[in-house]
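The first residue in the sequence is number 1, and the count goes up from there. In this text, all values refer to a predicted model and were calculated from it rather than measured experimentally.
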Amino acid sequence: MNAMRNLVAACLAFSALSAIPGQAQEAQPRPLNVPRPPTMRAADPAEAPDAAKPAATAENTGDASSAPAADEPVVAVKPCEQGLPTLRTPLAFKPGELLEFDMDAMGAKAGRLTMRVQRPANGSLPVVVEAQTNTLFSKVRRVRGSATSYLHPKTLRPSRYTEEAVENEQRRKVNVDFGAQDKSVKVDYQIGDRPKGHFDYAYDKDGLDVAGAIYLIRQLPMKKDLPVCFDVYGIRRMWRMTATVVEREHVSLPLGEFDAWHVAGTATRLDRPSQTRDVHVWITDDERRLPLAAVGAIDLGAVRLTLSGVKRPGEKPMEAQGKEDLKW
């Protein structure tokens, strides 16, 4: 499991679910046994996959970095109807902010993930994401890695994205350059001692990366039924994210009590539309716009990120209080 694969699975909340009336409200992060809010109608439990097993649809949950089969039909992904809305100002975050997350996969704690905003440098606002599996999950996959997104300090669009990870002692490196003028995405990568590889992509209206996308999401003008669509780079591929802001909900975490916006959606792989990732994300409805939790799927099954610590310049640090049950 590439260390950033969890970001594609669990930190991106945008989906074609919004294209089907009513389905976004019914979409359930039930694979992780997270109870739904009492105001939301529960889905039939028989429809929810087992969190401890990979999903049955192989083309949707298989290796997201694999190439399409030679005989696989080419199907165009519906373009975004409109670009991203104007972002809120001022920014909800600033250099020095550190977010800490617990990662759960296959129904068990899998490791930790952190997101840190760096000081501006060379005209960019760098955001660093680091992930590492714990001792238990390392028996399945042993991963440690980091990614850096170099964002424009006002538009939050990336100019460059880098990724370096070690999975079961095999090193992976990626460098991605975004061309704002021609909407190009140039990917250079290397896995272990294999020859270096390269991909050339293009994006439609907006092009982001998996790390920086979370920070842009925090600046969206949240309101019920807000549609959002953009293209995003992740796992050496480009994906189209379309989503809807489903509802404003009360969320109880070990970290505290929050009112939050629930965003539901799916990432559709542009060169292989049969491969999708359904995702749910909760963003606090306050000036901090904290990403509280994300639920999605990887090739092994369900995965969840839950905010467990917050450190922001000039504010008292927040840490999880050790509650065992999450209430939604």
Side-chain angles (χ1 to χ4, degrees), residues 2-8 11-14 83-101 113-131 145-165 172-190 196 198-221 228-239 241 281 283 287-291 310-315:
N2 184 299
M4 294 304 109
R5 198 164 299 177
N6 281 336
L7 287 174
V8 172
C11 289
L12 298 175
F14 296 94
L84 288 167
T86 302
L87 303 183
R88 298 171 70 251
T89 56
L91 294 181
F93 51 87
K94 56 185 176 181
E97 180 191 76
L98 172 65
L99 306 179
E100 300 173 327
F101 297 85
L113 182 143
T114 63
M115 307 182 77
R116 185 190 302 271
V117 182
Q118 307 282 64
R119 292 184 178 276
N122 301 320
S124 296
L125 181 64
V127 171
V128 177
V129 179
E130 296 180 305
S146 65
T148 303
S149 177
Y150 297 87
L151 303 175
H152 189 285
K154 292 185 178 180
T155 67
L156 300 184
R157 271 58 168 187
S159 59
R160 184 172 171 239
Y161 170 81
T162 62
E163 187 177 301
E164 184 169 346
R172 302 168 182 262
K173 293 183 178 181
V174 179
N175 183 81
V176 183
D177 288 312
F178 292 83
Q181 297 299 322
D182 57 1
K183 298 184 177 180
S184 65
V185 182
K186 300 183 182 300
V187 181
D188 292 292
Y189 68 92
Q190 185 170 22
K196 295 181 179 180
H198 179 82
F199 290 121
D200 286 308
Y201 296 119
Y203 59 87
D204 182 15
K205 295 178 175 62
D206 295 284
L208 309 177
D209 62 74
V210 293
I214 292 299
Y215 290 86
L216 185 143
I217 292 171
R218 295 171 65 181
Q219 296 302 130
L220 292 177
V228 183
C229 181
F230 60 81
D231 293 343
V232 61
Y233 167 84
I235 321 177
R236 302 198 305 278
R237 306 295 176 183
M238 291 299 294
W239 306 70
M241 308 293 176
V281 171
I283 304 290
E287 294 303 314
R288 299 170 301 174
R289 292 298 177 99
L290 299 173
V310 178
K311 295 180 181 177
R312 290 163 55 93
E315 299 181 13

task: Quick one: list whatever passes ring-ring contact (aromatic ring centres under 6.0 Å, His included) with Tyr189, sequence neighbours left out.
output: Phe199
- prompt: Is any side-chain heavy atom of Trp239 closer than 4.5 Å to a side-chain heavy atom of Val210?
  reply: no
statement: Note: Tyr203 and Gly179 closest approach over all heavy atoms is OH-O, 3.5 Å
- request: Search all heavy atoms of Val174 against all heavy atoms of Tyr233 and return the closest pair with its distance.
  value: CG1-OH, 3.2 Å
- request: Tell me, please, which residues at least two apart from Lys173 pass side-chain contact (heavy atoms from CB on, under 4.5 Å).
  value: Glu164, Arg171
Point-to-point distance, once rounded to the nearest 0.5 Å, from NE2 of His152 to CZ of Phe178: 15.0 Å
- request: Check whether more than 12 heavy atoms from other residues, nucleotides or ligands sit under 6.0 Å from atom CD of Glu287, and answer yes or no.
  value: no
- request: Provide the closest heavy-atom pair for Met241 versus Val232 in the form atom of the first, atom of the second, distance.
  value: CE-CG1, 2.7 Å
field: Listed partners of Lys186 passing side-chain contact (heavy atoms from CB on, under 4.5 Å), at least two apart
entry: Ser184, His198, Asp200
field: Heavy-atom closest contact (Tyr161 atom, Ala211 atom, distance)
entry: CE1-CB, 4.0 Å
Non-hydrogen side-chain atoms of Leu216 and Leu208 separated by less than 4.5 Å: yes
query: Could you walk me through whether Val176 and Asp209 pass the side chain to side chain contact (heavy atoms under 4.5 Å, CB included) check?
result: CA-CA 9 Å; Val176 183; Asp209 62 74; over 6 Å; no
message: Testing the basics here: between Leu113 and Ala131, what is the closest heavy-atom pair and its distance to 0.1 Å?
response: CD1-CB, 4.0 Å
query: Are the side chain of Arg289 and the backbone of Ile217 linked by a donor-acceptor contact shorter than 3.5 Å?
result: no
Scan the side chains in residues 83-101 for donor-acceptor partners under 3.5 Å anywhere in the protein, sequence neighbours excluded, and list what turns up.
residue: Glu97; atom: OE1; partner: Arg218; partner atom: NH1; Å: 2.8
residue: Glu97; atom: OE2; partner: Arg218; partner atom: NH2; Å: 2.9
residue: Glu97; atom: OE2; partner: Arg312; partner atom: NH1; Å: 2.6

task: Would you check if the side chain of Asp206 reaches a backbone N or O of Phe230 as a donor-acceptor pair within less than 3.5 Å?
output: no
- prompt: For the residue pair Thr148 and Pro126, what are the closest heavy atoms and their distance?
  reply: CG2-CB, 4.2 Å
- prompt: Given side chains that start at C-beta, do those of Tyr215 and Leu125 come closer than 4.5 Å, heavy atoms only?
  reply: no
field: side chain to side chain donor-acceptor pair (under 3.5 Å) partners of Arg116, counting only residues at least two apart
entry: none
message: Please list all pairs meeting side chain to side chain donor-acceptor pair (under 3.5 Å) that have one or both residues in residues 118-128, counting only residues at least two apart or in different chains.
response: none
